[in-house]
Every structure is written in structure tokens, then in C-alpha cells.
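Here's the structure we're looking at; comments come further down.
Numbered from 1 within each chain, the chains take letters A, B, ... in sequence-line order.
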Protein chains: 2
Amino acid sequence: MEQKRTSGRTLAGDAYDAIRQAIGVGTFKPGDRLRFADLQALCNMSVTPVREALARLTAEGFTLLDDHRGYSVAPLSLAELRDVTATRQLCEGEALRLSVLKGDADWEARLIAAHHLMARIPQVRDDLPSAMREDWEARHAAFHAALVSACGSPILLELCEKLFSRADRYRRLSVSLNGGARDVAGEHRRLMELALARDAEGAARALREHYGQTAAALEGFFSV
Amino acid sequence: MEQKRTSGRTLAGDAYDAIRQAIGVGTFKPGDRLRFADLQALCNMSVTPVREALARLTAEGFTLLDDHRGYSVAPLSLAELRDVTATRQLCEGEALRLSVLKGDADWEARLIAAHHLMARIPQVRDDLPSAMREDWEARHAAFHAALVSACGSPILLELCEKLFSRADRYRRLSVSLNGGARDVAGEHRRLMELALARDAEGAARALREHYGQTAAALEGFFSV
DNA sequence: GAGTCAACGATTTTCGAAAATCCGTTCTAT
DNA sequence: ATAGAACGGATTTTCGAAAATCGTTGACTC
């Protein structure tokens, strides 16, 4: 029998991508229960790879597992937004500081390249086609990854990556709520400039503020 | 058919515990390939729960997954020891600082209780029966968890917990190499005293030093 | 009428076998 | 002799169904 491989090298990998995206675009909403029957229908596969995908998603905080009662989409909350923000400020701030101290010319080149790719796409707004928005998200993630990529600590990097994805669901809210109010592009450019100028403390501070602003823009959403 | 439940509420949970312990005590050594046939024999169950256990272990850094080539025990290295240590110093240091600032009387009581339970067991040494050593490990983990438990950040707490387990394999080496040379009990008591005296910065600094010493004691092991 | 408990339905969890994949070896053609 | 295709064994990955579990419904008792 022939299997179709969309992206990953195993069905479990494909299921991970599919479910993660379905959660991202709101097909499954925070708190929703995730029944295996539905997920199998979505992914066109048996229960085993779906189960493995959910195990990974749970490890990264996207879903919750209740023994013998199945998986559900992790809820969004103001408390978690603040928590994610604070932890990112700690981890990514330090990672950026180290990266600025240790980065070589190669790192500078990666950073400039990543920024350029991101800056070429117009400011994110609600009315953009979703494909373009996905594209911007990917480039945005690549830029932030480039910033910290020279920190020299694989474990810290992995933490940053996971926290970045965990903040992803909140970031999407931020975009649709707060279209063009902030000068996000300017913040990013400033981050790059501080990093290239080897101002480690300044860059770390700017990154923490950058995340603080994103969080602040969302506080209102939860008080409704 | 009747299933035996040793600890967890699902077989996958039991498998997680069994494999984690087997790695801990050295049944499977760093770099070893983990074949499903062996693990099924070890755990007395089918492939499905074993696979789920490995997915969790991989998320926590105990094992590695190579698509279509299976799982293996993550290797130990000097580089990873330094990396884990630095990241723990960052995360747990901050968590402890916050905990000292925010902790209430309840937290103080938990901390004192956890310290007492740990201090009642004689200094860890190589020649202790392994059951007692496991017991000490558990109480040691509980003490460190109590230290940071009032930090108010569930995500940071989860990070600390995972980093603590990840350091566990190295800590075991430390115990068998460096039996009574350090005054570990003294370091722990001092940590508690600083925390109870509400010296947030001092406690955080002491914790970072505590981890630094553990790492230093192990450096030699890898240069052989 | 309130409370207990057994049986049912929905769902998760696990099983055992089939399918797919990888790696090393052999075979073939140049 | 060597590069490359192709077979075979070992192993992972996936499937489809069976078993176990949870929450609920509804009958029965006090």
C-alpha cells in the first residue's frame, strides 16, 4: 500500500504538523477535547501515529493529557501569557546576551540575512492572505532564532525554541488584535543593530522589552 | 485479561518509569541503541506503550530518536554537563530568587520539612544499599523542588524539574566518584538558611555555586 | 425523595501482526 | 576491479481490532 508523505519522514511527524496547525488556525479551540476519531479523520491515518504526535505536542505544552480521558487543547490564559513572557525574557534574554558576546562574522551574516528576508514582507496585518502570514511567521521565527543562534548552549537554544512556539498562539492573537499600532519592524531592526554593535546588555534589554510590549498589547484581550 | 499496574495509571507510564530507571542504573549505557524487542521484554508489554514512553523520554533529553532507525540512550559528555549546569544556574537561580521574594509561611514550612527529611538520611556514599540511595535521591529532589516552589511561575518550575532530571545521570556519577569529599549537607543547610533569611540574591548565588561545584567535581571524569 | 450500585456507551489504551524502511551484502555490468 | 543495482534480514513504524477504563444512565433500596 502506498502512503503519502506530505512533509515529515514519518506519519507521526506529519500528524504533529497537521494537529499543530489545526490548533494554530483555530480548528480546535483552547479547552477543546481532542478525540482520536476526529484526529484520525483529519490526518487520514491510524491511531498510533496520532498518539505519538499528541505525546510530542503535550511535551511542548500545546495539549494536555488526562490519563484514560484523553487529550485536550491547552487553554490560553492571562496567567500563562505572563508566565511565558517572563520565562522567555529570562531565557532568550540570556541567550541573546551570550550570542552577542560569542557570535562571529558568520553569525552576523546569518542575522543580517534573516532580517532582510523578514523585512521584505510587508507589515503583518489581519487582512493579509493567510499563506503570506504563515510566511511572515516563519521568517519572524527564523530571525529570532538567528539572534540567539550563537549562544553556544544547545539546551538553552532548545528551550528558547520551545518557548517561542508556546508563545506562538498568543502572538497570533496579538497580530489580529493590534494590527499596525506598534512599530514591530522598527523594534526588530533596533534589535539587530544593537546585536551587531555588540551591545550585549542593551540587546538583551531590548529583547525583553520587545516581549513585554507584545504581552502588554494582549492583556486587554483577557480582561473582556 | 488482568494487567499489573506497578506505579502509574497506564502501562505507558510504567514503561516510562522502568526505562528511565534502567538508564539510570546503567542497564542501558549512553549511546546504546534501544531495541523495541529488548524493551518489550523488560517491561512485559506490547510495542505501543513502550513507544509512548520513549517519546516522553526523548522530549526530556534522555533518549534520542533517529527516524526509521529507532531510539538510543543520549550520550553523556563534558559539553552537555557544562551546558546543563549553566542552564540550571540560569533557570533555577532565578526561580529561587523569585521564590525567596514571594514565598509565604507555608513555603517556609515546606522547605524546612523537606530539608529535615533529607538530612535524616546519612551522607550519600557509594557503598550504601541502592534502595537507600534511591530514597536519598528522591528526598534531595524534593528539597530542591521545595526551594523553588514559591516562584509563582509554573513554566519555569517545569523547566527546573526537567533540567533537574536531566542532570540526574551526571549527579549519579558525581556520587560514586566523589563520595564524601564535599560537604554537600552543609551546602544544603546553607541554602535553606539563606532562603529563610530572605536573602534572595545570596540564596541564588549559593545555588549557582552549588551546581558549579557538582559540575567541577565531574570535569575530571571526562578528561580520562 | 435521596442515595447506591450495576450495566451500558463512548473513548482511550493496548495488543499482535502486517507493512515500510534501513543497512549490509551479493550480484552484475562496465 | 569498481560502481551501482538489487536482494535479504533486522528493525521500526503503522494498522485494525480487542481490551480496559471512565462517566452516565437508570433501576433498586432505604
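A:Glu92 and A:Arg208 are not joined by a salt bridge, as no carboxylate oxygen comes within less than 4.0 angstrom of a charged side-chain nitrogen. Using a cut-off of 4.0 Å between Lys/Arg side-chain N and Asp/Glu carboxylate O, A:Arg169 and A:Glu80 are scored as not salt-bridged. Salt-bridge formation is not detected for the pair A:Arg172/A:Glu137: no Lys NZ or Arg NE/NH1/NH2 atom is positioned less than 4.0 Å from an Asp or Glu carboxylate oxygen. Comment: B:Arg166 does not engage B:Glu60 in a salt bridge, judged by the lack of any side-chain N to carboxylate O separation of less than 4.0 angstrom.
For the atom pair CG (A:Leu101) and SG (A:Cys151), the distance works out to 11.0 Å, reported to the nearest 0.5 Å.
Taking atom CZ of A:Phe36 as the reference point, atom C1' of D:dA17 lies 16 Å away to the nearest angstrom. For the pair B:Leu39 CG and D:dA10 P, the computed distance is 19 Å after rounding to whole Å. Counting to the nearest Å, the P atom of D:dA18 and the CE atom of B:Met45 are 22 Å from each other. Across the protein-nucleic acid pair, B:Leu34 atom CG and D:dT13 atom P stand 12 Å apart, rounded to whole Å. A:Leu11 places its CG atom 17 Å from the P atom of D:dT12, with the value rounded to the nearest Å. Atom pair B:Leu54:CG and D:dT11:P shows a separation of 16 Å (rounding to whole Å applied). Taking atom CG of residue B:Asn44 and atom C1' of nucleotide C:dC15, one finds them 14 Å apart after rounding to whole Å. For the pair A:Gln40 CD and D:dG16 P, the computed distance is 9 Å after rounding to whole Å.
In terms of position on DNA chain D, the residue among A:Glu52 and A:Val47 whose nearest nucleotide sits closer to the 5' end is A:Glu52.
Each of C:dT12, D:dT13, D:dC15 was ranked by its minimum atom distance to the side chain of A:Pro49; first place goes to D:dC15. Closest contact between the side chain of A:Arg33 and the listed nucleotides C:dT12, C:dA17, C:dT14 involves C:dT12.
Taking only side-chain nitrogens and oxygens, B:Arg51 comes nearer than 4.0 Å to OP1 or OP2 of D:dT13.
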For nucleotides 22-25 of chain C, give me every protein contact, N/O to N/O, under 3.5 Å, one pair per line with atom names.
{"from": "C:dC22", "atom 1": "OP1", "to": "A:Arg9", "atom 2": "NH2", "distance (Å)": "2.6"}
{"from": "C:dC23", "atom 1": "OP1", "to": "B:Arg69", "atom 2": "NE", "distance (Å)": "2.6"}
{"from": "C:dC23", "atom 1": "OP1", "to": "B:Arg69", "atom 2": "NH1", "distance (Å)": "2.6"}

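At least one side-chain heavy atom of A:Leu65 sits less than 4.5 Å from a side-chain heavy atom of A:Asp67.
When the ring-ring contact (aromatic ring centres under 6.0 Å, His included) test is applied to B:His144, the partners found at least two apart in sequence or on another chain are B:His140, B:Phe164, B:His188, B:His210, B:Tyr211.
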